[in-house]
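Here the structure comes first, spelled out in structure tokens, and everything after it is commentary.
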Amino acid sequence: MPNPLSWIDDELQTLDAGGLRRHLSQRSSTQAATIEIDGRQLINFGANDYLGLAADVLNDVTRQAINEFGWGSGASPLVSGRGRKHAELEEALAEFEGTEAALLFSSGYAANVGAITAVAGKGDVIFSDAKNHASIIDSCRLSSARVQIYPHRDVDYLRMMLPQAGGFRRRLIVTDSLFSMDGDLAPLADLAALAEEFRCMLMVDEAHATGVFGETGRGVSEYWNVESGVHIRVGTLSKALGSIGGFVSGSQQLVDWIANRARTYIFSTAAPQAIAVAGLAALENVRSEPHRRIELLARAGELRQELHALGLDIGGSESQIIPIFLGDLTRTMLAVTTLGERGLFVPGIRPPSVPEGESLLRISLSYAHTPEMLGQLVDELERAVGNVQGT
Ligand SMILES: *Cc1c(COP(=O)(O)O)cnc(C)c1O
């Protein structure tokens, strides 16, 4: 009998031929400024651990929490899975965000899917930035709402689209606040003004900005002082907060509704309470060690200037995420290999993560990087990308 999965071999061969096949790598060190990956020691520019919390800062409290609360949560939050520490973290997140309430999910992906499908459905319309994160794209598709994509950060275009939204039951504008590949910021003040004018809900995904941007680390909404115009805010514990998990924050009515409707909340087991304890410790770190985010963003600014001075195309990055746009897939993956041989891990981003012909190197800076590491990065990029350009 023919193997009903034999088509997969053909598909994988096509990926191979196009240089698009992903291979699972294996890290055998902690997730820190240097990592051992596939047997090689490399300086790590491929983690979203922006504040340097992932490897060790949260270990002790988490260990204690496991002893006190046990590991598994064993059920959905609504059944018996939500423990005292989950509740405490939700309260702390609401306080941190300056909102009435917050709701904890097991990942940022789940938070986006849960929130978007809870607030938008059949008969509604969603306006979504063309470069929004995949979890937002998937959420929009799942919601059954009409989805209107506007060009990246193009508020003029969005303004032209919005008048047609009047006939829909509910209207939602959704955007990343700090875009995960380009490192640029959404025009939140303009989006908030449009949301008000056209009576839309505004949802902002602060995944890469939580803990990094804003006076107290709440994100780009705080940085640009537009928090009152944002109705639904999503963040993760998985990036700057060094752990795993996601959350939605906003008004009490919003959170009550999402807890009643978000299928990724209702039909998924609560994360271990130790993770909530790690989240509490990370929030405390953001509060008590602001120098981490301040120095991170200062160094990111210097690095962007240096790379720009080398003639590298870093697009519109304004953050700790710095892309180097190389365009060509082969050129990009060759640069990744060369940098690896020189002791640096800088991931190449290629289709389907980005459109054809828009491949890039994605540098992710951390507070844990030393000035020497950044110096080495600049030197090796000059060599590697220069070399690639020469071929
Ligand atoms: C990473 C990311 C997510 C998903 O968060 P996880 O906690 O990793 O699931 C959601 N939105 C954006 C913009 C992201 O970059």
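Fair warning: this is a prediction, and the values are worked out from it, not measured in the lab. As a basis for the values below, the full set of heavy atoms in this structure was taken, side chains included, without hydrogen atoms, waters or symmetry mates. Atoms within each ligand, like the ligands themselves, are counted from 1 in listed order.
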Set out, in order, the CA-CA distance, both residues' side-chain angles and the distance that settles salt bridge (Lys or Arg N to Asp or Glu O under 4.0 Å) for R159 and D156, then state yes or no. CA-CA 5 Å; R159 164 170 277 286; D156 293 333; 6.0 Å; no

How far is [atom] from its nearest protein heavy atom, and which residue and atom is that?
atom	answer
atom 11 (N) of ligand 1	D205 OD2, 2.5 Å
atom 7 (O) of ligand 1	S238 OG, 2.5 Å
atom 14 (C) of ligand 1	K239 NZ, 2.8 Å
atom 6 (P) of ligand 1	G108 N, 3.4 Å

Numbering the atoms of ligand 1 from 1, which are under 4.0 Å from a heavy atom of [X]?
X	value
A207	2 (C), 11 (N), 12 (C), 13 (C), 14 (C), 15 (O)
T236	5 (O), 7 (O)
S107	7 (O), 9 (O)
Y109	4 (C), 5 (O), 6 (P), 9 (O)
H208	14 (C), 15 (O)
N112	10 (C), 11 (N)

Can a donor-acceptor pair be found, under 3.5 Å and without considering hydrogens, that links the side chain of R331 to the backbone of L326?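 Judged by distance alone, yes, a pair lies under 3.5 Å.
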
For D176, is at least one N or O under 3.5 Å away from an N or O on ligand 1? no

Rounded to the nearest 0.5 Å, the CG atom of N44 sits from the CD1 atom of I35 at a distance of 3.5 Å

Kindly determine whether R82 and E90 satisfy salt bridge (Lys or Arg N to Asp or Glu O under 4.0 Å), including the steps that lead there. CA-CA 11 Å; R82 183 171 179 265; E90 286 173 347; 2.7 Å; yes

Under the salt bridge (Lys or Arg N to Asp or Glu O under 4.0 Å) criterion, do E380 and R383 qualify, and how do the steps go? CA-CA 5 Å; E380 295 302 341; R383 290 167 62 137; 3.7 Å; yes

Going by the closest heavy atom to atom 10 (C) of ligand 1, which one wins out of S180, S135, S177, G245?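 Looking at heavy atoms only, the winner is S135.
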
